[in-house]
S.K.: 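The structure's right below; bear with me while I get my questions together.
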Amino acid sequence: MKVPPTLSTVLGNLFKKPATNPFPVSEPVPVPEGFRGKLVYDVDKCVGCRLCVMVCPAGVIEYVPEVRKVTFWLGRCVFCQQCVDVCPVNALRMSDEFLLATTDKYDDNLRWLKEDEVEELKRKLEEQKKAKEAAKKAAEKKE
Ligand code: SF4
Ligand code: SF4
């Protein structure tokens with residue numbers, strides 16, 4: 001008797017290894033080159049031009065004028081990479097990280113430049129300003 005083609009395929013597959021990736025027992029499938037994962041912000045490179053704020057379609061980025069930097073809440077990010085492409089100083093890049101599930105929508109992992117970091121930057125800028133003023137006064141006294 002001739003075996004129908006579907007049945008022969010099923011019988012053949014019964015003796016093959018599963019073609020699944022049993023994550024999290026195994027590592028996830030590797031991401032391809034150019035994958036758009038979690039956005040990474042290099043605060044030191046940022047010049048505060050606000051171009052990223054203007055192009056972001058999801059309202060992820062907020063400008064902080066006191067420190068001339070930006071903050072991100074990635075809970076809204078749609079991974080479009082427009083901010084990365086527009087940044088003139090390469091302060092932004094998309095990483096390979098994609099396991100971003102959390103029970104807290106304001107999870108620290110979803111934020112760049114948190115409140116305490118903004119305060120720290122403000123403090124540093126204030127110190128720099130004071131040091132400049134003191135140096136200027138000292139120079140004036142000498143004259
Ligand atoms: S990747 Fe897109 S959505 Fe995410 S912060 Fe950048 S511009 Fe906004
Ligand atoms: S585009 Fe780049 S340099 Fe300009 S504010 Fe955004 S991160 Fe900073």
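Whatever order the structure lists ligands and atoms in, that order sets their numbers, starting from 1. The structure presented is a predicted model; accordingly, all values stated were derived computationally and were not measured.
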S.K.: Do me a favour and list the nearest non-hydrogen protein atom to atom 8 (Fe) of ligand 1 with residue, atom name and distance?
M.R.: C56 SG, 2.3 Å
S.K.: For V89, take its heavy atoms, then give the atoms of ligand 2 lying under 4.0 Å from any of them.
M.R.: 3 (S)
S.K.: For atom CZ of R68, is the number of surrounding heavy atoms from other residues, nucleotides or ligands below 6.0 Å larger than 12?
M.R.: no
S.K.: Under a 3.5 Å distance rule, please check whether K69 uses its side chain to pair with a backbone N or O of C46 as donor and acceptor.
M.R.: yes
S.K.: Is the side chain of K122 donor-acceptor paired with the backbone N or O of E66 at a distance under 3.5 Å, no angle test?
M.R.: no
S.K.: With a 4.0 Å cut-off, would you call R123 and E120 a salt bridge?
M.R.: yes
S.K.: Give the residue, atom name and distance (to 0.1 Å) of the protein heavy atom nearest atom 1 (S) of ligand 1.
M.R.: Q81 N, 3.3 Å
S.K.: Around atom 5 (S) of ligand 2, find the nearest protein heavy atom and jot down its residue, atom name and distance.
M.R.: R50 N, 3.3 Å
S.K.: Show which atoms of ligand 2 fall inside a sub-4.0 Å distance from at least one heavy-atom site of C46.
M.R.: 3 (S), 5 (S), 7 (S), 8 (Fe)
S.K.: May I ask whether V78 places a heavy atom under 4.0 Å from ligand 1?
M.R.: yes
S.K.: Please report which non-hydrogen protein atom sits nearest to atom 2 (Fe) of ligand 2, along with the residue it belongs to and the distance in Å to one decimal place.
M.R.: C87 SG, 2.3 Å
S.K.: Does E97, at its CD atom, have more than 12 non-hydrogen atoms belonging to other residues, nucleotides or ligands within less than 6.0 Å?
M.R.: yes
S.K.: Counting only heavy atoms closer than 4.0 Å, does ligand 2 sit against the backbone of K69, its side chain, both, or neither?
M.R.: neither
S.K.: Return the residue, atom name and 0.1 Å-rounded distance of the protein heavy atom closest to atom 6 (Fe) of ligand 2.
M.R.: C52 SG, 2.3 Å
S.K.: Do you see an N/O/S atom of C77, backbone or side chain, under 2.8 Å from atom 4 (Fe) of ligand 1?
M.R.: yes
S.K.: So does E27 get a backbone contact from the side chain of N21, meaning a donor-acceptor N/O pair under 3.5 Å?
M.R.: yes
S.K.: For atom 3 (S) of ligand 2, what is the closest protein heavy atom, and at what distance to 0.1 Å?
M.R.: V47 N, 3.4 Å
S.K.: May I ask you to decide whether K124 forms a salt bridge with E127, counting only side-chain N to carboxylate O separations under 4.0 Å?
M.R.: no
S.K.: In terms of residue, atom name and distance, what is the protein heavy atom nearest to atom 4 (Fe) of ligand 2?
M.R.: C49 SG, 2.2 Å
S.K.: Would you say the side-chain atoms of Y41 pair up with the backbone N or O of V70, donor to acceptor, closer than 3.5 Å?
M.R.: yes
S.K.: Classify the contact between V60 and ligand 1 as side chain, backbone, both or neither, using a heavy-atom distance cut-off of under 4.0 Å.
M.R.: side chain
